[in-house]
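Scope of the values below: all heavy atoms of this structure, side chains included, with no hydrogens, waters or symmetry mates. Per chain, numbering begins at 1; letters A, B, ... match sequence-line order.
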Amino acid sequence: MQERRYSPEEIEKKWQQIWEDQKTFEVTHKSTDRPKYYVLEMFPYPSGRIHMGHVRNYSIGDVGARMKMMQGYNVLHPMGWDAFGMPAENAAIKNNTHPAHWTYHNIDYMRDELKRLGYSYDWNRELAPCHPGYYQWEQLFFLKFYEKGLVYRKKAPVNWCPTCVTVLANEQVEAGQCWRCDAMVEKRELSQWFLRITDYAEELLKDLDKLSGGWPERVISMQKNWIGKRTGMEIDFPVQGLDEKITVFTTRHDTLFGATFMSLAPEHEMVPRLIRDNPDQEEIRDFIARTTSQEHEERTAEDTEKEGIFTGSYCLNPATGEKMPIYLANFVLAEYGTGAVMAVPAHDQRDLEFARKYSLPVRVVVRPLEMDEPLPEHMDKAFAEPGLAVNSGRFNNKPTLQVQEEIADYLEDLQAGRRAVNYRLRDWNISRQRFWGAPIPVIYCDKCGIVPVPAGDLPVVLPQDAEMPRDGRSPLPDLESFVQTDCPECGNKARRETDTMDTFGESSWYFARFTQPRKEDGAFDSEAVQYWLPVDQYIGGIEHAILHLLYARFFVKALRDIGYWDLNEPFANLLTQGMVLKDGAKMSKSKGNVVDPDEMIRRFGADTVRLYCLFASPPEKDLEWSDSAIEGSYRFLNRLWRLVHELSGVISPVGPCISMEEHSLTPEEKDLRAAEHEALRRATRDMLDKFQFNTAIAACMELLNPIGQQRQSLKASPSGPQVLSSALSTVLTVLAPITPHICEELWAHMGYKQSLAWSRWPDYDPRALVRQETTVVIQVNGKLRSSISVPVDMDQEELKSMCLNDEKVKKHIQGKKVVKMIAVPQKLVNIVVR
RNA sequence: GCGAGAGUGGCGGAACAGGCAGACGCACUGGACUUAGGAUCCAGCGGUUUUACCGUGGGGGUUCGAAUCCCCCCUCUCGCACCA
């Protein structure tokens, strides 16, 4: 008989077609009695081609989706494109075309690539936010946010990336650099649109606790960190000679008695009034100019020397009544707290350094618990730990925590301060001076001011005829046909906003749109949203730990308060997959270590690529790509292929893990059957419960080995064909979500009529796991000395005496006294001797 | 500096609940088959001075028994970092 070779190319195309023809992965929320399960992978930016990181991400998701289907869930598994963004503009400039053209072309190519990988997407739901049918809803959200005061316009120092020619949100600046191009970010004073994410700071923080368990702790702690909640007090310091107060935020109000001077950010709004009467104004202005022109990153570096200048004004310490000189200091940030710091040099390292430099008084107000009060003149390190209050009037000798409470009460009584909470999180700047994004639906009228576009006039469509300026600027401000419009209120000539929305806006709600992506009379179908959301399993890279994942959480809460749903969180479970590395480094063109998925699929087929991605390491860890290791995965699939074909005449479609008359089986049959059920037990636990595909695959490989080795004798034994059939069916079933094409093909070859995609995940039989004999290892004083094979139900006492009579054991216990024997049933006996 | 996580063969990685360390795979070695082998199959594969001893980053501890639990230290990765 002509041997049929494993030809991935042929069978993968075939099964992809069958799934498509049979609409295997098309789902609806209507008329189903099965529970829902929503699997989502972060959608890709259509950069041109998919890379191995995508393949890994989407393979993990696909296994999740297919496996849940087999468990009887109604599974939603959609895919789309994060289609707005700058590379499209750059490419359009380079190729003298329109960003839309480049984007849609890339999408077409990448969709083919994904299809070749056999993912179980419901392609009917595909979406791209650069389509007006998508972004019109985002523009509507903007209007609703505006109505609610959740979006506002203000002039503020914002992050400007000179290379991208646009501003960036705080979350998009990493160590002073642009998250996308690594250019140093500058501060610029611009009027921009901001989303009031800070209104939700407390809820965003609080709800992280609910995500615990479903989300990696790492991501939760990163978000906590980013939100940066601090509880403390706002304290007012009256300024001498002015009828004004400087308000500070502090978490250490217990040290108020030690505040000997005041430090203000050079940008503080009170500065002009504080220096008005100072003859050295020039010098101060110089200092301010010097400090504020410094790059933010440089100014805020920890090792930057503390510098300041005296304003000439004084304020009063509300606790001591003492005069405190007011300084400007380079290390005080205008954007944190109130931009003013009460300086307590004895208990804050920065203040101490500053005090030493400008010879300002140091007063100790906290004494360490176990030590004497430090001498202020000898201090070179501030004492920032808790202790007992000293030099603090009636609060003396009380512990720090108690003093905090009492001083808070005291100041609140005096109306000189109040308990306060401060967050590091800032409002989200969503204005972008770029073209390829959703236009912000606002009109500026000389008479009426800022006028939102009426909802009925949406969408504000991004012009298709724009020509891209070569320097990267947006064409919109110069495009009269876009800019010129009539004021919706007074009808006079007016101008459109030319900024577009941050592309993180689109990804903040796409998961919800997927539930009914073609809906035309509204953003969401409430029934579909109610049924599908939240996403049960979300999968993507850790790089979005703060950015996308924080924005999306915020959007869900904001849209909830607008009335779209009663959902609180978008993603119930989050898996952050590791990177794909080659030679220990992230793949990149510049390093020349890129492995092309298309080429791998050509050489080995999609199943092998998927198998390798899932086998080489657990999902959340980095994966080191190895050209030779992937061949091992290919070999395994070949071995599986050959085995099923060789046994064609013997095996039949009996089903996986079928029940059998135990007592009629030969020992060899029983062993293979036990191995089969053990493999299923492990695979079920590792895949379904833990998303640990590498060990589930190992379990399949382990099962295939004895099938291969014992197939000859099993072919001839009475129940051998049944046992072999069941075992192979189990292997194919377990591997089906991982390598679906080859499994479908072999499944059909075995004689099954129905697609594996619709097969049910089998249950193992605990009784089949029980073997007749088991190996018990014998230790003497905890050291392995021997092992014996005994019946599983052997009596404990009998087992112990058998161990003592073991030849090797005897040697080790000779002449010694047996003190104790510990027996772990079916595993081990430890003999303790002296 | 603060916070989180991780250190296991030549490599990727296993080890459920404190009970045979190294499953599974890669690489390697030997053999079979073969005109050939980069296919396939079989066997071996932590180290050493191999009746035995040592071995999961290092040191201590708990325990009959520790990769696993506790304490100290080292290293690496990630995040935050002049945030008052």
Side-chain angles (χ1 to χ4, degrees), chain A residues 174-175 216-226 228 230 232 248-253 255 259 263 265 299-306 329-333 335-344 347-351 353-354 384 422-424 542 545-546 581 611-612 615-618 620-633 635-636 638-639 642 681-682 685-686 689-690 692 694-705 708-709 775-787 808 811 819-833:
Chain A
E174 293 163 355
E217 279 310 314
R218 197 151 71 108
V219 176
I220 292 177
S221 92
M222 280 164 79
Q223 291 213 354
K224 276 190 182 160
N225 230 322
W226 184 259
R230 295 288 132 81
V248 304
F249 174 78
T250 178
T251 56
R252 289 301 306 273
H253 39 285
T255 62
S263 306
R299 183 176 147 196
T300 57
E302 200 168 359
D303 48 8
T304 301
E305 196 183 344
K306 289 166 190 40
N330 62 347
F331 65 89
V332 178
L333 307 174
E335 62 267 26
Y336 185 81
T338 60
V341 179
M342 69 174 206
V344 186
H347 306 292
D348 183 286
Q349 188 59 29
R350 294 157 296 177
D351 295 343
E353 286 170 33
F354 196 87
N422 196 46
Y423 298 91
R424 211 184 72 121
I542 187 80
I546 295 170
L581 310 176
L611 180 65
Y612 177 70
F615 178 61
S617 83
E620 65 281 358
K621 288 187 41 176
D622 287 348
L623 183 152
E624 173 69 33
W625 188 269
S626 154
D627 288 325
S628 56
I630 189 175
E631 291 188 34
S633 295
R635 273 202 291 270
F636 170 72
N638 270 288
R639 197 154 72 239
R642 284 195 311 271
R681 186 186 71 84
R682 279 169 48 195
R685 183 195 66 202
D686 293 352
D689 301 346
K690 301 199 294 192
Q692 242 180 57
N694 54 331
T695 48
I697 294 164
C700 289
M701 290 173 167
E702 272 176 83
L703 175 55
L704 203 65
N705 288 337
Q709 280 152 359
T775 306
V776 168
V777 301
I778 311 172
Q779 299 179 335
V780 176
N781 285 348
K783 290 207 164 99
L784 180 68
R785 293 303 176 193
S786 182
S787 68
K808 288 183 200 151
K811 256 195 328 209
V819 183
K820 197 171 170 186
M821 280 181 85
I822 292 115
V824 182
Q826 294 182 49
K827 271 200 182 132
L828 143 160
V829 173
N830 189 10
I831 304 165
V832 186
V833 294

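- Considering CG of A/Asp348 and CD of A/Glu353, their distance stands at 9.0 Å, rounded to 0.5 Å.
- Rounding to whole angstrom units, NZ of residue A/Lys808 and C1' of B/U51 are separated by 11 Å.
- Nearest nucleotide to the A/Val832 side chain, out of B/C64, B/A39, B/A52: B/C64.
- Under the Watson-Crick and G-U wobble criteria, each requiring two contacts below 3.5 Å, nucleotide B/A36 is left unpaired.
- For the pair A/Arg639 and B/U40, the criterion of a side-chain N or O lying under 4.0 Å from OP1 or OP2 is not met.
- A donor-acceptor pair under 3.5 Å links the side-chain atoms of A/Tyr612 to the main chain of A/Ser626, judged by distance alone.
- A donor and an acceptor atom sit less than 3.5 Å apart, one in the side chain of A/Lys306 and one in the base of B/C82.
- One P atom belongs to B/C2, the other to B/A17, and the distance between them is 32 Å to the nearest Å.
- Projected onto RNA chain B by closest heavy-atom contact, A/Met701 and A/Glu624 fall at different nucleotides, the more 5' of which corresponds to A/Glu624.
- Straight-line distance between the P atoms of B/A23 and B/A15: roughly 12 Å, to the nearest whole Å.
- Remark: the separation of the P atoms in B/G37 and B/C28 is 16 Å, to the nearest Å.
- Nucleotide B/A6 holds its P atom 14 Å from the CD1 atom of A/Ile542, rounded to whole Å.
- Among the atoms of the strands shown, none is found under 4.0 Å from any heavy atom of A/Val819.
- Checking B/C64, B/A84, B/C26 against every side-chain atom of A/Ile822, the shortest atom distance belongs to B/C64.
- Between A/Arg252 and A/Ala384, the closest heavy-atom pair is NH1-O, 3.0 Å.
- A/Asn225 contributes atom CG, which lies 10.5 Å from atom CD of A/Gln223 (distance to the nearest 0.5 angstrom).
- The side chain of A/Arg681 has B/C16 as its nearest neighbour among B/C16, B/A84, B/C64.
- The nucleotide B/A66 finds no pairing partner, because no Watson-Crick or G-U wobble arrangement with both distances shorter than 3.5 Å includes it.
- Between A/Leu333 atom CG and B/A84 atom C1' the separation is 9 Å, expressed in whole Å.
- Residue A/Leu784 places its side chain closer to B/A21 than to any other of B/C64, B/C24, B/A21.
- A glycosidic torsion no more than 90° from 0 defines the syn conformation, and B/G9 adopts it.
- The separation of B/G25 from B/C74, taken at their C1' atoms, amounts to 32 Å, rounded to a whole angstrom.
- Interatomic distance, A/Met342 CE to A/Thr250 OG1, rounded to the nearest 0.5 Å: 4.0 Å.
- Among the heavy atoms of the strands, none lies under 4.0 Å from A/Ser221.
- Rounded to a whole angstrom, the distance from the P atom of B/A4 to that of B/C53 is 42 Å.
- Here the rule is side-chain contact (heavy atoms from CB on, under 4.5 Å) with A/Ser787, and of A/Leu828, A/Ile778, A/Val777, A/Val829 only A/Val777 fits it.
- A/Glu217 places its CD atom 15 Å from the C1' atom of B/C78, with the value rounded to the nearest Å.
- Residue A/Lys827 places no side-chain N or O under 4.0 Å from the OP1 or OP2 atom of B/G19.
- A donor-acceptor pair under 3.5 Å is formed between the side chain of A/Asn330 and the backbone N or O of A/Glu305.
- Taking atom P in both B/G59 and B/A27, the straight-line distance is 35 Å, to the nearest Å.
- Residue A/Phe636 contributes atom CZ, which lies 17 Å from atom C1' of B/C41 at whole-angstrom precision.
- For A/Phe615, whose side chain is taken as the heavy atoms from C-beta onward, the closest listed nucleotide among B/C64, B/G25, B/A84 is B/G25.
- Straight-line distance between the P atoms of B/C82 and B/G13: roughly 34 Å, to the nearest whole Å.
- Put simply, the side chain of A/Arg685 and the base of B/C16 share a donor and an acceptor less than 3.5 Å apart.
- One can find a donor-acceptor pair under 3.5 Å joining the base of B/C64 and the side-chain atoms of A/Asn830.
- If A/Asn694 and A/Ala340 are placed on RNA chain B by their nearest nucleotide, the residue sitting closer to the 5' end is A/Asn694.
- Across all strands, A/Ser628 comes closer than 4.0 Å only to sugar-phosphate atoms, never to a base (heavy-atom distances).
- Nucleic acid contact class of A/Gly632 (heavy atoms, under 4.0 Å, all strands): sugar-phosphate only.
- Using a 4.0 Å heavy-atom cutoff across all strands shown, A/Val777 reaches at least one base atom of the nucleic acid.
- Note that CZ of A/Phe331 and NZ of A/Lys306 are 6.5 Å apart. Values are rounded to the nearest 0.5 Å.
- At distances below 3.5 Å, not a single donor-acceptor pair connects side-chain atoms of A/Arg785 with backbone N or O atoms of A/Lys811.
- Base pairing annotation: B/G10 forms a Watson-Crick or G-U wobble pair with B/C26, both donor-acceptor distances under 3.5 Å.
- For B/G25, one of the phosphate oxygens OP1 or OP2 lies less than 4.0 angstrom from a side-chain nitrogen or oxygen of A/Asn705.
- As judged by a 4.0 angstrom heavy-atom cut-off over every strand, A/Asp622 is placed among residues touching the sugar-phosphate backbone only.
- For the pair A/Lys621 NZ and B/U77 P, the interatomic distance rounds to 16 Å; values are reported in whole Å.
- Regarding contacts with the backbone of B/U77, every side-chain N or O of A/Arg218 stays at 4.0 angstrom or more from both OP1 and OP2.
- Figure legend. B/C78 is base-paired to B/G3; pairs are counted as Watson-Crick or G-U wobble with both atom distances under 3.5 Å.
- In the set B/C80, B/A84, B/C42, B/A84 carries the atom at the smallest distance from any side-chain atom of A/Thr250.
- When heavy atoms are screened at a 4.0 angstrom cut-off, A/Ser263 is found touching no nucleic acid atom at all.
- Comparing B/G1 with B/U8, their C1' atoms are spaced 31 Å from each other, to the whole Å.
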For A/His253 and A/Val344, what are the C-alpha separation, side-chain angles and deciding distance, and is it a side chain to side chain contact (heavy atoms under 4.5 Å, CB included)?
-> CA-CA 10 Å; A/His253 39 285; A/Val344 186; over 6 Å; no
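- The side chain of A/Arg642 places an N or O atom within less than 4.0 Å of a non-bridging phosphate oxygen (OP1 or OP2) of B/C41.
- Listed nucleotides: B/A52, B/U40, B/G19. Nearest to the side chain of A/Lys811: B/A52.
- Side-chain proximity of A/Asn225 to B/U40, B/C82, B/G79: nearest is B/G79.
- Residue A/Arg785 places no side-chain N or O under 4.0 Å from the OP1 or OP2 atom of B/C20.
- No contact: A/Gln223 has no heavy atom under 4.0 Å from any strand.
- You'll find that the side chain of A/Lys820 is closest to B/C64, out of B/C26, B/C64, B/C82.
- The CG atom of A/Leu704 sits 10 Å away from the P atom of B/G25 (whole-angstrom rounding).
- Distance, A/Glu702 CD to B/G22 C1': 13 Å, rounded to whole Å.
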